[in-house]
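Below is one structure, written out as structure tokens; the observations come after it.
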Amino acid sequence: MTLTDWFQTRKESQIARRSTETQIDDNISKLWLKCFGCNSQLLRKDVEENMHVCPKCGYHFRINARERIRELVDEGTFKELFNNIQTTNPLDFVDTENYTSKIDKAKAKTGLNEAVITGVGKINGYEVSLAVMDFDFMGGSMGSVVGEKVTLAMEEAVKRNIPMICVTASGGARMQESALSLMQMAKTSCAVGKLDEAKILYITVLTEPTFGGVTASFATLGDIIIAEKDARIGFAGRRVIEQTIRQSLPADFQTANYLMNYGQVDLISERKDLKKNISDIIRLHTK
Amino acid sequence: MTILEFEKPLYDIQSKIDELKQLSESSGVDMSKEIQNFEKQAENFKQELYANLTPNEKILIARHSDRPNFLDYMEMMTTDFIELHGDRHGTDDRAIIGGIAQIGDEKVVVVGTQKGKNTKENLVYNFGMPQPQGYMKALRLFYHANKFNLPIVTLIDTPGAYPGIKAEEIGQGIAIAENLREMSKLEVPIVAVITGEGCSGGALGLAVANSVLMLEHAYYTVISPEGCASILFRDANLASKAAEALKITAKDLLEFKLIDGIVKEPLGGAHHNPQEMADNLKTAVLGEIKRLKKLSKEELKASRYDKFRRMGAFCS
């Protein structure tokens, strides 16, 4: 046996051993999670009690739409609207799986009907119309229903003459509805035009992650654009850009800080300050 | 002209007919009846082939390197085209070209994406993939049209807005989003034509129009079939399957009421007879402008808004 053979054998036995050792008990993985920011092992409960922010380094974990509404809206004031609008499969789209069954799975997983929750509620006493996206529902992608609900929420803001708040988390337009999804970009952006005409204050909160067709429509049309700390925001995905330009990208590319440096967001907010930031902005626009 | 794979049988038949003609001439045997018969059959085959193209074959035609581009159309269907350069903020993106021109008896503002016909040209025009500044230039020209009450015509043929570092830094998303919103506020007739590739937000950024037309073999989609294949089908080689699934042809878009009309192409596609294509396009665009000019400013805005407001498929 040569020396390299010996190393090779040792390496293989190590790999084999490691793969049997890493059979982690599912209950343990439910109790613990690893921070993307500082790599610390954290008790899930500690993170949840801290608004899903790492107690050690302050890294902001992604949160779902229900959690977001709990954190932003005054208790007991949120009234969900337009939840009756349901997704169909207009293109009879099938990829590795039928679109309808993907939707059913996403519904079961999240307990939501679609990737956005819309409604009205109060933020520190100010009545607002809200659209909050949920990344856990098919990557927060925008199809016909998301576009329609966001538009209806904007029309509700005009009707009630109250500020409009959109909290975005999305991979972009939903491919399974193809051009119908694409047109939701136009529809929602045109609806923002109506907010302009009615002089409605429109605040967008871009959260981890906001990309593609949502970035290229209502998300970046806010009168005030807030990026949540640690959010990654962009038009094209990192991988697409790397493949196109064939070079690696800076580590902080498309982060909230990066975007702020290039003049694309008004402010970056930590999660604990978000509610106050929004209500302060509304207050400063109220006579 | 580059012959596409699926067109090869057509050219094989034609060369056989030519051989037969030569043989007939050199041997002095009269085969004119047979030749005529073959030619008729070949013509039928051709008609049938192009009338029943798969989405994938349409894509090949839409991407054909000889397909007329924006400047070709300016040459063939307008008079007095004067290019107006620059976004007024430091850049003149070459992937989007715009200006003022006359189409028939209509004075208009024209804006479109420009593709090259070879690598050298494509390096100049960035393969028809605009930077954010391209959309900013377009918007400046739209405001110009609005000020002087000139109808807007946009011609779109793009694989998408450019995905690059600079584009992200300047704000590709914001640039497109602002065009979508601002186009909804314009008080002049807007006619948008997808002349080749209509890929994603990069195409839509010029297409919030009163009338959206597509050339017969153009395609319009939320994502390129290649991109869709690698993400959803987990295999970039399944692009033709994705192209079928995405329902990207002009006929599909018309069925979903996402476009307003289809402009017929010469047999074999626009590149087989660019002038005929330009004439068809000119007639269609002029027809739409004349129809839209009858509407008041308010009606133009409201009907454009209502059209996009209704788009989508859901139940409640």
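Throughout, protein chains are lettered first and strands after them, A, B, ... in sequence-line order, and every chain is numbered starting at 1.
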Are any non-hydrogen side-chain atoms of A/Thr87 and B/Phe314 less than 4.5 angstrom apart? no
Tell me, side chain or backbone of B/Tyr305 under 4.5 Å from chain A's heavy atoms, or both, or neither? side chain
When you compare the side chain of A/Met183 with that of B/Tyr220, does any pair of heavy atoms fall below 4.5 Å? yes
Checking A/Gln254 against chain B: side chain, backbone, both or neither under 4.5 Å from a heavy atom? side chain
Part of A/Asn89 lying under 4.5 Å from any heavy atom of chain B: neither
Hey, does A/Gln176 have a side-chain heavy atom less than 4.5 Å from the side chain of B/Leu232? yes
Portion of B/Lys301 that has a non-hydrogen atom of chain A nearer than 4.5 angstrom: side chain
Is the shortest heavy-atom distance from the side chain of A/Arg174 to the side chain of B/Ile223 under 4.5 Å? no
A/Val94, part contacting chain B, at a heavy-atom distance under 4.5 Å: backbone
I need the minimum non-hydrogen distance between B/Ile176 and A/Ala216, along with the two atoms involved. CG2-O, 3.9 Å
Correct closest heavy-atom pair for A/Ala186 and B/Phe308 would be CB-CD2, 3.6 Å
Is chain B contacted by the side chain of A/Tyr258, its backbone, both, or neither, given a heavy-atom distance below 4.5 Å? side chain
Minimum heavy-atom distance between B/Ala177 and A/Ser217, given as atom pair plus value: CB-O, 3.3 Å
Residue A/Glu155 versus chain B: region with a heavy atom under 4.5 Å: side chain
Which bit of A/Leu249 comes within less than 4.5 Å of chain B, counting heavy atoms only: side chain, backbone, both or neither? side chain
Can you confirm whether A/Ile245 sits close enough to B/Ile165 that some side-chain heavy atom of one is under 4.5 Å from a side-chain heavy atom of the other? yes
Is it true that a side-chain atom of B/Glu168 and a backbone atom of A/Phe235 form a donor plus acceptor pair closer than 3.5 Å? yes
From the list B/Val208, B/Leu180, B/Asn179, side-chain contact (heavy atoms from CB on, under 4.5 Å) partner of A/Ser189 resolves to B/Leu180
Contacting region of A/Glu197 [heavy-atom separation from chain B under 4.5 Å]: side chain
Just wondering, do B/Thr221 and A/Leu182 contact through their side chains at under 4.5 Å, heavy atoms? no
Measure from the side-chain N and O atoms of A/Gln264 to the backbone N and O of B/Glu169, and report whether any donor-acceptor pair falls under 3.5 Å. yes
Interface moiety of A/Ala219 toward chain B, non-hydrogen atoms closer than 4.5 Å: neither
Output for pair (A/Arg239 CZ, B/Ser230 OG), nearest 0.5 Å, gives 6.0 Å
For the student: nearest non-hydrogen atoms of B/Arg181 and A/Asp196, plus distance: CD-OD2, 3.3 Å
Under a 4.5 Å heavy-atom cut-off, does chain A meet the side chain of B/Ile174, its backbone, both or neither? both
Pick one of side chain, backbone, both or neither for A/Lys149, based on which atoms fall under 4.5 Å of a heavy atom in chain B. neither
Whether the side chain of A/Ser144 engages the backbone of B/Ala313 through a donor-acceptor N/O pair (distance < 3.5 Å, no angle test) should be reported. yes
Side-chain heavy-atom pair A/Ser178, B/Lys247 within 4.5 angstrom cut-off: no
Checking heavy atoms, do the side chain of B/Ile170, its backbone, both or neither come under 4.5 Å from chain A? backbone
Considering only heavy atoms, which portion of B/Leu204 lies under 4.5 Å from any heavy atom of chain A: side chain, backbone, both, or neither? side chain
